[in-house]
Chemist: 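This is the structure I have questions about; it appears just below.
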Amino acid sequence: MARAHWGGHPWLVLLCAYAWGHPKSLDQRDDVRNCSISPPYLPVTAVNTTARLTALRQQMYTQNLSAYIVPDTDAHMSEYIGEYDQRRVWITGFTGSAGVAVVTMAKASLWTDSRYWTQAERQMDCNWELHKEVGTTPVVTWLLAEIPVGARVGVDPFLFSIDSWESYDVALQDYDRELVSITVNLVDLVWGSERPPVPNEPIYALQEAFTGSTWQEKVAGIRSQMQKHPEAPTAVLLSALDETAWLFNLRGSDIPYNPFFYSYTLLTDSSIRLFANKSRFSSETLQYLNSGCTGPLCVQVEDYSQVRDSVQAYTSGDVKVWIGTSYTSYGLYEVIPKEKLLADAYSPVMVTKAVKNSKEQTLLRASHVRDAVAVIRYLVWLEKNVPQGTVDEFSGAEQLEKFRGEEDFFSGSSFETISASGLNAALAHYSPTKELHRKLSSDEMYLLDSGGQYCAQPEHLDVIAMHTTSMQSCLTLCDHMDCSPPGSSVRGILQARILDGLPHSPPEDLPDPGIEPTSLMSPALTDGFSNTSTTWEAPLQNTGVGCHALLQGIFPTQESNPGLLHGRRILFQLSYQESPR
Ligand SMILES: *[C@@H]1O[C@H](CO)[C@@H](O)[C@H](O)[C@H]1NC(C)=O
Ligand SMILES: *[C@@H]1O[C@H](CO)[C@@H](O)[C@H](O)[C@H]1NC(C)=O
Ligand SMILES: *[C@@H]1O[C@H](CO)[C@@H](O)[C@H](O)[C@H]1NC(C)=O
Ligand SMILES: *[C@@H]1O[C@H](CO)[C@@H](O)[C@H](O)[C@H]1NC(C)=O
Ligand SMILES: *[C@@H]1O[C@H](CO)[C@@H](O)[C@H](O)[C@H]1NC(C)=O
């Protein structure tokens, strides 16, 4: 969970015990920079950006710019961005996921939120000022003081949403400074051979077993929405990476933790144009896309870099292009004449994708079952091993990954696992490393925030499918599973722990919440639960499966949660089955 949401995660476990750790005083710090002494003090973690800034300023000079803004996203407004796109990280040295950098001829500044202040002081050298604020206003206020009337402020329009472009543009214009769209990225020009290579792993089609409908059916559905729309759009332009991945049932690995690939789609009433690197498709995949032909159900693969020119050429005709403004870059928006634009917050693909058909729902539940199993196994493992003093933040995160890896169709974490013990639990977005980690102890808090990506297993779903309770849905399977549908998983159980602290009483001491699990689950699963001799791995009697299914029934929403006590009882039963305690 990098940027947007930092609450509400699939597995947010706070194991609270009776005591809190007491932080040591941090008066004398050698881990952060000190720019107010001469010479400045720089920790070993700081990056020397002098040469990088000099080179960038040369490019700015060539473009006659007084300032250049380097934001933290990619051309698809992705929440997670590939290393290839981490321009702000490279120019500043600061690796946090959120932060905007602005370089003028004389100064360089970074704006970031409180999660990252310490990290920024550790990683930036004294070329950079740190501003502990976020948003357009403080950046513009600073710029107005630094650059003269008439000055030009350059940006790469592909890295700005329509909204953020407009808020900078209006604010600067009010004070006679000009925002200038420069389609060549100036950081890329100076990044040179240090820049990570463009991802080029194969782009592949999902197995049919994992898809809810064929791409041809999805295309037909979107075209029918275009025809029915009163404004009669002739095309839909897809900019978000999950839109194109969903539409064609294609996947890639360009973005960490997300199975997407760099792409755009221009779906018109008579053609389908997919902008991506064609050499990354196998001949089978090209065949799957009918890419040899030119009819309305043939996908023409065009080069990724051609998208702006192609959209511009298309909009010279008598057309209307439907876009989702929340994630379309200004770089594409600016080439579409306004009278030829149908602008909604979300494209019809994004909206359609959010509604799951019954097969997708079934697949989705199966994914959650798998993840529930892994997380419950981890909790049990923690209960056994933490008291031995053998678990640290890093080995714990690895163990969870291992349990997830033992589930069918696990395809990686859905974000970097936050596994934080004691004081570290107070650091936002703290992730341990092999070198730097803290021990877990049973008298300190442990914070775990993690998620997994799965393709669902199509067989054995009949058992789970009996539970008709609706789930608040995530994106597509094999897309983000980092979506934390409240109540759809053992999350409720985990919350029971958060609310009650780590209890030390046996399950029979807990009050009966008065909810009959049998009304919510199949007898097979209920028996799996009540029968304390059921093993974890028993096929189809997997307690994780049962737990999950039960919770779908008893935790309809996160807020009003009548089943907490019940969940706690279950957790005890599960946890203590194999536990020596
Ligand atoms: C920097 O050093 C000065 C002088 O030693 C000290 O007063 C100040 O607190 C230091 N600042 C930081 C951020 O450590
Ligand atoms: C940073 O690098 C520049 C050359 O690129 C060098 O002149 C300067 O001394 C370095 N600064 C520090 C603090 O090492
Ligand atoms: C450069 O920009 C300034 C405004 O900052 C403008 O007055 C000047 O004419 C520009 N020079 C060129 C060569 O475009
Ligand atoms: C396209 O993909 C091929 C094969 O993966 C790779 O060699 C090439 O560099 C890529 N081209 C671009 C422009 O990314
Ligand atoms: C409980 O488990 C035991 C051992 O696996 C089994 O013999 C028994 O039939 C189970 N009882 C129920 C109600 O499933």
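Start at 1 with the first residue, then count along the sequence. Order of listing sets the numbers, starting from 1, for every ligand and every atom in it.
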Chemist: Anything under 30° is parallel, anything over 60° is perpendicular, the rest tilted; go ahead and classify His437 against Phe394.
Modeler: parallel
Chemist: For Tyr84, check side-chain hydrogen bond (donor to acceptor under 3.5 Å, both in side chains) against everything at least two apart and list the hits.
Modeler: none
Chemist: Of all the atoms in ligand 1, which lie at a distance below 4.0 Å from a heavy atom belonging to Ser36?
Modeler: 1 (C)
Chemist: Mind telling me whether Trp165 and Tyr330 have parallel, tilted or perpendicular rings, with 30° and 60° as the class edges?
Modeler: parallel
Chemist: For ligand 3, what are the residues with a heavy-atom contact below 4.0 Å?
Modeler: Asn64, Gly150, Ala151, Arg152
Chemist: Report the distance from atom OG1 of Thr54 to atom CG of Asn127, rounding to the nearest 0.5 Å.
Modeler: 8.0 Å
Chemist: Under the side-chain hydrogen bond (donor to acceptor under 3.5 Å, both in side chains) rule, collect the residues that match up with Arg308, sequence neighbours excluded.
Modeler: Glu334
Chemist: Using a 4.0 Å cutoff against the non-hydrogen atoms of Ile37, which atoms of ligand 1 qualify?
Modeler: 2 (O), 3 (C), 4 (C)
Chemist: Given Thr137, which partner from the list Val139, Thr141, Val140, Val134 fulfils the side-chain contact (heavy atoms from CB on, under 4.5 Å) test?
Modeler: Thr141
Chemist: Please identify each residue that fulfils salt bridge (Lys or Arg N to Asp or Glu O under 4.0 Å) with Lys278, with sequence neighbours left out.
Modeler: none
Chemist: Look only at interatomic distance and state if Asn48 has a nitrogen or oxygen under 3.5 Å from any nitrogen or oxygen of ligand 2.
Modeler: yes
